[in-house]
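Data block below; observations after.
Note on naming: letters A, B, ... go to the chains in the order of the sequence lines (proteins, then strands), and numbering restarts at 1 for each one.
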Amino acid sequence: MRIATWNVNSLRSRIDRVEAFLERHDIDVLAVQETKAREDQLPLMGLHARGYDIAAAGYNQWNGVAIISRVGIEDVTVGFPDMPEFDGASEARAIGALCGGVRIWSLYVPNGRKIDDPHYAYKLDWLGKLRTAAAEWTDQPVALVGDWNIAPTDEDVFDMAQFATSTHVTPPERAAFQAFLDSGYAEVTRPHTPGPDVYTYWDYYRQRFERNRGLRIDFALCSPPLASRVTGAFIDTDERDPAQGTGSPSDHAPVIVDLSD
DNA sequence: ATGGTCGCTTTGCGA
């Protein structure tokens, strides 16, 4: 089975690229973030025509997560136990489903904005609550995939000096990420895509992609029963290339993981 | 310190 995660930055404006990506790489399950589409706005036709079903949740102006699968979508869960919300807004940033016998979670970790912003505390709270919930799932095949909005190591940042006072690299955020590994989850993409200079996100401006000045913030964390099935992983940087495909690209590249049966 | 570029519930805001 081949699964993938991709922050698409609007499913509607990117649907042609998404469908081409599914076909090009023969994807079985795609976890999507930043869909920016309500249930009634989901572009379903091309996906259904290609044999995919979709489960989506949590739209506001910036968010929205979904799971696109051609190996079934069962037992869909929106959010996880005790998931905190921000400012009373409906911010379902997590959707889980059983796809081909694997529980896949599409995660859009809160950005955090600025260190002194309440959104930063919310991010750490959110991650802590997810970790508590996820620690109960380690005996099952579980994948926690998505946009983690954390660069776990200095190598995951094109220029640490530029992030001296920024979120995504602070010790509490990195500790929150490490806590998942301490719970038994394995980040399965890095061993197959070693750095340096390997990223999954590049800002739109200042030609950051063309100069490969990016961040590695999209990951796939697998529980022990699933991690042992991983046979490979890669980052499809072509999907971030404005010179390739139709229309403007997302600012994130998809991350693909292969699993044995 | 600032600005650059995307998307959208667009003339502001979050990323």
For the side chain of A:Arg38, counting heavy atoms from C-beta on, which of B:dG7, B:dT9, B:dT5 is nearest? B:dT9

What nucleotide among B:dC8, B:dC6, B:dA15 has an atom nearest to a side-chain atom of A:Glu34? B:dA15

How many whole angstroms separate atom [atom1] of [X] from atom [atom2] of [N]?
X        : N      : atom1 : atom2 : result
A:Tyr204 : B:dT5  : OH    : P     : 13 Å
A:Asp218 : B:dA15 : CG    : P     : 15 Å
A:Tyr201 : B:dG14 : OH    : P     : 15 Å
A:Asp241 : B:dC6  : CG    : P     : 13 Å
A:Arg14  : B:dG7  : CZ    : C1'   : 8 Å
A:Gln162 : B:dT2  : CD    : C1'   : 12 Å
A:Asp203 : B:dC6  : CG    : P     : 11 Å
A:Arg17  : B:dG7  : CZ    : P     : 10 Å

Could you tell me how far [M] sits from [N] if I compare only their [atom1] atoms? Round to whole Å.
N      : M     : atom1 : answer
B:dG14 : B:dT9 : C1'   : 13 Å
B:dC6  : B:dA1 : P     : 27 Å
B:dT2  : B:dG7 : P     : 26 Å

Donor-acceptor pairs under 3.5 Å, side chain of residues 39-48 of chain A to any protein atom, not counting sequence neighbours: which ones?
from, atom 1, to, atom 2, distance (Å)
A:Asp40, OD1, A:Arg38, NE, 3.0
A:Asp40, OD2, A:Arg38, NH2, 3.2
A:Gln41, OE1, A:Arg38, N, 2.8

Nearest heavy atom decides the nucleotide; on that basis, is A:Arg12 or A:His252 closer to the 5' end of DNA chain B? A:Arg12

Reading DNA chain B from 5' onward, which residue's closest nucleotide shows up sooner: A:Thr35 or A:Tyr205? A:Tyr205

Does any non-hydrogen side-chain atom of A:Tyr199 lie less than 4.5 Å from one of A:Val157? no

Can you tell me if A:Arg50 uses its side chain to pair, donor with acceptor, with the backbone of A:Glu23 under 3.5 Å?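 No; judged by distance alone, with no hydrogens or angles, the pair does not exist.
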
Phosphate OP1/OP2 of [N]: any [X] side-chain N/O under 4.0 Å:
X        : N     : result
A:Arg208 : B:dC6 : no
A:Ser250 : B:dC6 : no
A:Ser248 : B:dG7 : yes

Say whether A:Trp6 and A:Asp236, considering side chains only, have a donor N or O and an acceptor N or O under 3.5 Å apart.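 On atom types as modelled, these side chains do not qualify, holding no pair under 3.5 Å.
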
Regarding A:Arg12 and A:Thr35, is there a side-chain donor-to-acceptor distance under 3.5 Å anywhere? no

Side chain to side chain donor-acceptor pair (under 3.5 Å) partners of residues 219-231 of chain A, not counting sequence neighbours, each pair once: none

Ring centroid separation A:Phe86 to A:His119 under 6.0 Å: yes

Of the residues in residues 105-121 of chain A, which ones touch DNA chain B at a heavy-atom distance under 4.0 Å? A:Tyr108, A:Asn111, A:Arg113

Note: A:Arg216-A:Asp197 ion pair, threshold 4.0 Å (strictly below):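 Salt bridge: no.
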
